[in-house]
Amino acid sequence: MANRDTYHHGALPQALIREGAGLLAEKGLASFSMREVARRAGVAVAAPSHHFGSARGLLTGIATDGFAQLAERMATTAGSPEDRASAMCRAYVAFAKECPGHAAVMFQLGLLNQEDPAFIQQSSRAFAQLSATLAKAAPANAAKLSQATRTLWSAVHGLVALKMLTPKEADEIISFAVRAVVSELRRDST
């Protein structure tokens, strides 16, 4: 006999996260409901609550999964530290385009359980990777490095929100932003 976590899906929590992300991508946050996620997953209405407790719990699971996927994509970049930083930023933009359901909720902190240990771990991974890469490009004190990483992260997040930009325009802005941030870090370290 299969246990509750594997009945029907082999990995019911992951199936609920996948269906929830799909619902977010198709209909947005305003139309998100546990009932609809259960229907899409083909399980009892109570299944999402059993695994995630509430819509907040499921949204946190979707966001956590999104951050894990983003960090994996960013970890596969190669080249010089400056090239890697640019590639990480492009990976972020590509992720948001390819996984809009995840991206729709990842930064909606008011809707998420920010104290969830998995969320804390995964939400800081990609940021830490970018910060470590910038540190290799231009060593700086921790405060300046944090400011530079947040500046670059914010710029890329803005590119994600500006859906009217062409991929070429986004790439040019990423290249410029990385060069500017690294140049500023180098200027301050001399």
Legend entry - Smallest separation among heavy atoms of Ser146 and Phe127, with atom names: O-CZ, 4.4 Å

Inset, instruction - Could you please spell out the steps behind the side chain to side chain donor-acceptor pair (under 3.5 Å) verdict for Arg187 and Ser183? - result: CA-CA 6 Å; Arg187 185 179 68 80; Ser183 176; over 6 Å; no

Legend entry - CG-NE2 distance between Leu16 and His51, expressed to the nearest 0.5 angstrom: 6.0 Å

Inset, instruction - Drop me the distance from Arg56's CZ to Leu112's CG, to the nearest 0.5 angstrom. - result: 7.0 Å

Inset, instruction - Kindly state each residue pair satisfying ring-ring contact (aromatic ring centres under 6.0 Å, His included) with at least one member in residues 71-101, sequence neighbours excluded. - result: Tyr92-Trp153

Legend entry - Reported NE2-to-SG distance for the pair His157 and Cys89, which is rounded to 0.5 angstrom: 13.5 Å

Inset, instruction - Measure from the side-chain N and O atoms of Thr64 to the backbone N and O of Ala118, and report whether any donor-acceptor pair falls under 3.5 Å. - result: no

Inset, instruction - Would you confirm whether Arg186, through its side chain, and Ala138, through its main-chain N or O, come within 3.5 Å as a donor-acceptor pair? - result: no

Inset, instruction - Any chance you could measure Leu134, atom CG, to Glu184, atom CD, to the nearest 0.5 Å? - result: 12.5 Å

Inset, instruction - Return the minimal non-hydrogen interatomic distance between Ala44 and Ala38, and the atom names on each side. - result: O-CB, 3.5 Å

Inset, instruction - Just do the side chain to side chain contact (heavy atoms under 4.5 Å, CB included) check on His102 and Leu70 with the steps written out, would you? - result: CA-CA 10 Å; His102 287 87; Leu70 176 58; over 6 Å; no

Inset, instruction - Report yes if some heavy atom in the side chain of Gln14 is under 4.5 Å from a heavy atom in the side chain of Asp65; otherwise report no. - result: yes

Legend entry - Results of side-chain contact (heavy atoms from CB on, under 4.5 Å) for Thr166 - residues two or more places apart only: Lys168, Glu169

Legend entry - Pairwise side-chain contact, Phe119 with Leu109, heavy-atom cut-off 4.5 Å (strictly under): yes

Legend entry - Intermediate values then yes/no, side chain to side chain contact (heavy atoms under 4.5 Å, CB included), Leu29 and Leu59: CA-CA 10 Å; Leu29 278 165; Leu59 290 170; 4.3 Å; yes

Legend entry - Atom CZ of Arg35: over 12 foreign heavy atoms under 6.0 Å: no

Inset, instruction - State, to 0.1 Å, how close Ala85 and Thr133 come at their nearest heavy-atom pair, and which atoms those are. - result: N-CG2, 3.7 Å

Inset, instruction - Decide yes or no on side chain to side chain contact (heavy atoms under 4.5 Å, CB included) for Cys99 and Arg73, but give the supporting numbers first. - result: CA-CA 12 Å; Cys99 303; Arg73 289 177 184 222; 4.0 Å; yes

Legend entry - With Val37, the side chain to side chain contact (heavy atoms under 4.5 Å, CB included) member among Val43, Leu24, Leu58: Leu58

Inset, instruction - Determine whether Ile174 and Leu162 fall in the same hydrophobic cluster, where Ile, Leu, Val, Met, Phe, Trp and Tyr are linked whenever their side-chain heavy atoms lie under 4.5 Å apart. - result: yes

Legend entry - Distance-only polar pair, side chains of Ser175 and Arg179, donor-acceptor under 3.5 Å: no

Legend entry - Test log, rule side chain to side chain contact (heavy atoms under 4.5 Å, CB included), inputs Glu98 and Gln69: CA-CA 11 Å; Glu98 295 164 19; Gln69 289 185 48; over 6 Å; no

Inset, instruction - Answer with yes or no whether the side chains of Gln122 and Arg125 bring together a donor and an acceptor at under 3.5 Å. - result: yes

Inset, instruction - Indicate, with yes or no, if Leu159 and Phe176 share a hydrophobic cluster defined by side-chain heavy-atom contacts under 4.5 Å among Ile, Leu, Val, Met, Phe, Trp and Tyr. - result: no

Legend entry - Smallest separation among heavy atoms of Ala87 and Thr77, with atom names: CB-CG2, 3.5 Å

Legend entry - From Ser123 atom OG to Phe107 atom CZ, the distance as rounded to the nearest 0.5 Å: 8.5 Å

Inset, instruction - Calculate, to the nearest 0.5 Å, the distance between atoms CD and CD1 belonging to Glu19 and Ile62 respectively. - result: 10.0 Å

Legend entry - Heavy-atom pair of closest approach, residues Ile17 and Gly61: CD1-O, 3.7 Å

Inset, instruction - Specify the closest pair of heavy atoms between Ala140 and Leu185, including all atoms of both residues, with the distance to one decimal. - result: CB-CD2, 3.6 Å

